[in-house]
Engineer: 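What follows is a single structure, and I will ask about it in a moment.
So you know, we letter chains A, B, ... as the sequences are listed, proteins then strands, and number each from 1.
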Amino acid sequence: MLDIQFIRDNPETVAEKSRQKGYEVDVRQLLGFDEERRQLLQQVEDLRRQRNELSGQTKGQKPSEEQIAKGRELKDKVAKLEHQLAVIELEFTALLKTVPNMPVDDVPIGTTEDENVVVKIWGEKPQFDFEPKNHWQIGEAKGWIDKERATKVAGSRFVYLKGDLVLLEFALWQFALSKLIDEKVLQQIIKDNNLTVSSTPFIPVLPPAVAKKEVFEATGRLNKEEQTYKIEDEDLWLNASAEHTLAPMYLNEILNEADLPLRYVGYTTAFRREAGTYGKDMEGLFRLHQFNKLEMECFNLPEDSLQEHLFLVAIQEYLMQQLGLPYQLLNKCTADIGFPNARGMDINAWLPGQNKYRETHTADYITDFQTQAMKTRVRHSDGSIQLAHTNDATAFSQRPLIAIIENFQTPEGNVKIPEALRPYVGNRSEI
RNA sequence: GGAAGGGUGUCCGAGUGGUCGAUGGAAACGGUCUUGAAAACCGUCGUGCCUUGCAAGAGGUACCGUGGGUUCGAAUCCCACCCCUUCCGCCA
């Protein structure tokens, strides 16, 4: 949620920046509700004051007939106005929830993802003296990927992942975890990127994979039509990323300044409906209803959060570089950063099988958009209280497996294992 | 899933209809005392929202698991739900 005070102070900016993100927001009506709501609230509170004064007068004694009559009258008035207020509040809140977070200044303005700006290209695209294959051609030949049987069991966009590819996937998690909990590695990344963030290591978490509706909504990520599965007969939704259950971890809590940054790296299976993507990326592992992901989630002081965002991007680059995967880094445009984001960067890995860079990582700069709804705050050492900021970013999903298979394939149809992962696959150099 | 008990502030814990945002204790913070520390003593010590103020602040209101209800008045009574503990059942 965006701060209503900010909207009051900057109505034109809010309308304009929402539009840049592709959302049409009726700011005038929102502020109208806000005004109406506050006036009613004043009246309600005044009546409540009168009621409190009246019941204060009759402490320890029976009230007179007159006082009871007066009380009744107040009660009716309060009830009436409270009802009006509740109606307005509902409309107000509903409209407020349609306002996206405001992009920061260096977010490129654009109307489609094609306007994302490539800010860096890293690594050499591999040169093959044979016709490179798709990951699903290799995967099926190797017996690593079985979509036909998965479709029989669960429908399209599900997969059985088998054999060495499973080992490779677990290698990815273990490799990333080993780096993220290592303060020395983080210090080096900070130094190499001239950042000023703390080197506090990440805490590994296995979070719940479901969240209650109200909590999910607070993350600004509940998107039932396109993305989110609901559990029947329960007030529970399946997460589409560990972010969705990590971010609300400190719901309604006040953190101590001294405890920040709080850094978590969480692993879950993620579920996505992928509505509106019919026929897109139907082959292989690229776009599934169910996939695994290791996600970074950080809670920061407002003044540190942008640096933290850049730090998470630096970590993502480090991880990709350690695997030797060629990629490009994108500063996402207003149309593509997402509803709760103030900024966002993607890493797209080079996929020889598609002859394209495709998304493997996202880093989200959220500011206080989630904590506004989640009421996650920080108490500063001077006692003042402020909303905390959240940042989230992919450590690894399964998609880098695709990049590994396609970039490191051999003429024989095998896959060379990046050095960094070998310790986790029995020190083999090829599978 | 069944039975019983219970959810009160950072924590422990009192409060069963009337100035109760809530007694008391602990922790924390500030101070007195002390060479220093401990102890003792004094003081401070929840959050959201609204109004007002340049601000420090002031005033109001709400919050005792959540949502409803009863009442002139609810932490307290009633209903529903959620969660926790113990026992039973089931179970990776």
Engineer: A:R51 side chain N/O closer than 4.0 Å to the phosphate oxygens (OP1, OP2) of B:A62?
Structural biologist: yes

Engineer: Do nucleotides 42-47 of chain B as a string where each nucleotide becomes B, S or -: B if the base has a protein heavy atom under 4.0 Å, S if just the sugar-phosphate does, - if no protein is that close.
Structural biologist: ----SS

Engineer: Nearest-Å distance, NE2 (A:H83) to P (B:G69)?
Structural biologist: 11 Å

Engineer: For B:A75, give the paired nucleotide (Watson-Crick: N1-N3 plus N6-O4 or O6-N4; G-U: N1-O2 and O6-N3; both under 3.5 Å), or none.
Structural biologist: none

Engineer: Using purine N1 to pyrimidine N3 plus N6-O4 or O6-N4 for Watson-Crick, or N1-O2 and O6-N3 for G-U wobble, both under 3.5 Å, which nucleotide pairs with B:A22?
Structural biologist: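 WC or wobble partner does not exist here.
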
Engineer: Taking CD from A:Q43 and C1' from B:U61, how many angstroms apart are they, rounded to a whole number?
Structural biologist: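 These atoms are roughly 14 Å apart.
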
Engineer: Taking atom C1' in both B:G46 and B:G9, what distance in whole Å separates the two?
Structural biologist: 6 Å

Engineer: Write down the distance separating the C1' atoms in B:C49 and B:U44, rounded off to the nearest Å.
Structural biologist: 25 Å

Engineer: Do A:Q39 and A:Q43 meet the criterion of a side-chain donor-acceptor pair at a distance under 3.5 Å?
Structural biologist: no

Engineer: Using whole Å, report how far CD of A:Q42 lies from P of B:G59.
Structural biologist: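 Interatomic distance, CD of A:Q42 to P of B:G59: 16 Å.
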
Engineer: Measure the distance from CD on A:Q50 to P on B:A62 and round it to the nearest whole Å.
Structural biologist: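 Taking CD of A:Q50 and P of B:A62, I get 13 Å after rounding.
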
Engineer: Hey, can you pull the residues of residues 203-222 of chain A with a non-hydrogen atom under 4.0 angstrom from RNA chain B?
Structural biologist: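 Contacts with RNA chain B under 4.0 Å: none.
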
Engineer: Return the 5'-most residue of the pair A:D34, A:K75 with respect to RNA chain B, ranking by each residue's nearest nucleotide.
Structural biologist: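 The answer here is A:D34.
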
Engineer: Could you work out which one of B:G18, B:G60, B:C50 sits closest to the side chain of A:S55?
Structural biologist: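 The answer is B:G18, which lies nearest to the side chain.
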
Engineer: Working note: A:E295 + A:K293, criterion salt bridge (Lys or Arg N to Asp or Glu O under 4.0 Å); need CA distance, chi angles, decisive distance, verdict.
Structural biologist: CA-CA 6 Å; A:E295 180 86 358; A:K293 188 152 67 83; 2.7 Å; yes

Engineer: Is the distance from OP1 or OP2 of B:U61 to the nearest side-chain N or O of A:R49 less than 4.0 Å?
Structural biologist: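 Looking at the OP1 and OP2 atoms of B:U61, neither is under 4.0 Å from any side-chain N or O of A:R49.
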
Engineer: On a whole-Å scale, what distance lies between the P atoms belonging to B:A26 and B:G21?
Structural biologist: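 Roughly 25 Å separates the two P atoms.
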
Engineer: Any side-chain heavy atom of A:Q137 within less than 4.5 Å of one from A:E406?
Structural biologist: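 They are not in side-chain contact.
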
Engineer: Taking any strand in view, what nucleotide pairs with B:U85 in a Watson-Crick or G-U wobble way, both distances under 3.5 Å?
Structural biologist: B:A4

Engineer: How close or far is atom C1' of B:G73 from atom CZ of A:R72, stated in whole angstroms?
Structural biologist: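 That distance rounds to 12 Å.
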
Engineer: Considering only the P atoms, how many Å lie between B:G15 and B:C87, rounded to the nearest integer?
Structural biologist: 27 Å

Engineer: When you compare B:G67 with B:A62, how far apart are their P atoms, in angstrom units rounded to a whole number?
Structural biologist: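 Between the two P atoms, the distance is 15 Å.
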
Engineer: How about A:Q316 and A:T360: do any of their side-chain heavy atoms sit closer than 4.5 Å?
Structural biologist: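 They are not in contact (no side-chain heavy atoms under 4.5 Å apart), so the answer is no.
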
Engineer: Mark yes or no: A:R399 above the aromatic ring of A:F286, with NZ or CZ under 6.0 Å from the six-membered ring centre and no more than 45 degrees from the axis.
Structural biologist: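 Verdict for A:F286: a cation-pi partner in A:R399.
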
Engineer: Please determine, for B:U61, whether a Watson-Crick or G-U wobble partner exists with both distances under 3.5 Å, and give it or none.
Structural biologist: B:G48

Engineer: Is the cationic atom of A:R37 (NZ for Lys, CZ for Arg) positioned less than 6.0 Å from the six-membered ring centroid of A:F92 and within 45 degrees of its normal?
Structural biologist: yes

Engineer: Can you tell me the distance, in whole Å, between the CG atom of A:D46 and the C1' atom of B:U61?
Structural biologist: 10 Å

Engineer: Do the side chains of A:I254 and A:V378 get nearer than 4.5 Å, heavy atoms only?
Structural biologist: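 Not touching, per the 4.5 Å side-chain cut-off.
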
Engineer: With rounding to the closest Å, how many angstrom separate the C1' atoms on B:C83 and B:A27?
Structural biologist: 27 Å

Engineer: What's the gap between B:U32 and B:A39 when it is taken at their C1' atoms, as a whole Å value?
Structural biologist: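 Result for the C1' pair: 13 Å, nearest Å.
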
Engineer: With a 3.5 Å limit on both atom pairs, tell me what B:C33 is paired to, counting Watson-Crick and G-U wobble, or say none.
Structural biologist: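 Partner of B:C33: none.
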
Engineer: What is the distance, rounded to the nearest whole Å, between atom OH of A:Y250 and atom C1' of B:U10?
Structural biologist: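 Going from A:Y250 (OH) to B:U10 (C1'), I get 16 Å.
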
Engineer: Which sits closer to the 5' end of RNA chain B, A:L41 or A:K70, going by the nucleotide each is nearest to?
Structural biologist: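 The residue mapped nearer the 5' terminus is A:L41.
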
Engineer: With a 3.5 angstrom cut-off on both distances, give the Watson-Crick or G-U wobble partner of B:A80, or none if there isn't one.
Structural biologist: B:U66

Engineer: For residues 375-404 of chain A, pull every pair meeting ring pair (Phe, Tyr, Trp, His ring centres under 6.0 Å), keeping only residues two or more places apart or in separate chains.
Structural biologist: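 Matches after skipping sequence neighbours: A:H361-A:F396.
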
Engineer: Return no unless some side-chain N or O of A:R38 is found under 4.0 Å from OP1 or OP2 of B:U51.
Structural biologist: yes

Engineer: For B:A74 versus B:G17, give the span between their C1' atoms, rounded off to a whole number of Å.
Structural biologist: 7 Å

Engineer: Do the side-chain N and O atoms of A:H309 and A:R343 include a donor-acceptor pair separated by under 3.5 angstrom?
Structural biologist: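 Note: A:H309 and A:R343 side chains meet the donor-acceptor criterion.
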
Engineer: Using the side-chain heavy atoms of A:R37, tell me which of these nucleotides is nearest: B:C72, B:C49, B:U19.
Structural biologist: B:C49

Engineer: Could you tell me how far apart A:D235 (CG) and B:U66 (C1') are, to the nearest whole angstrom?
Structural biologist: 12 Å

Engineer: Within 45 degrees of the ring normal and closer than 6.0 Å to the centroid, is that where the cationic atom of A:R272 sits relative to A:F291?
Structural biologist: no

Engineer: Check whether any side-chain heavy atom of A:W237 sits under 4.5 Å from a side-chain heavy atom of A:I231, and report yes or no.
Structural biologist: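 A side-chain contact under 4.5 Å is absent here.
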
Engineer: Indicate yes or no: does A:D281 engage A:R358 in a salt bridge with an N to O separation below 4.0 Å.
Structural biologist: yes

Engineer: Tell me which nucleotide among B:A62, B:G60, B:C50 gets nearest to the side chain of A:N52.
Structural biologist: B:A62

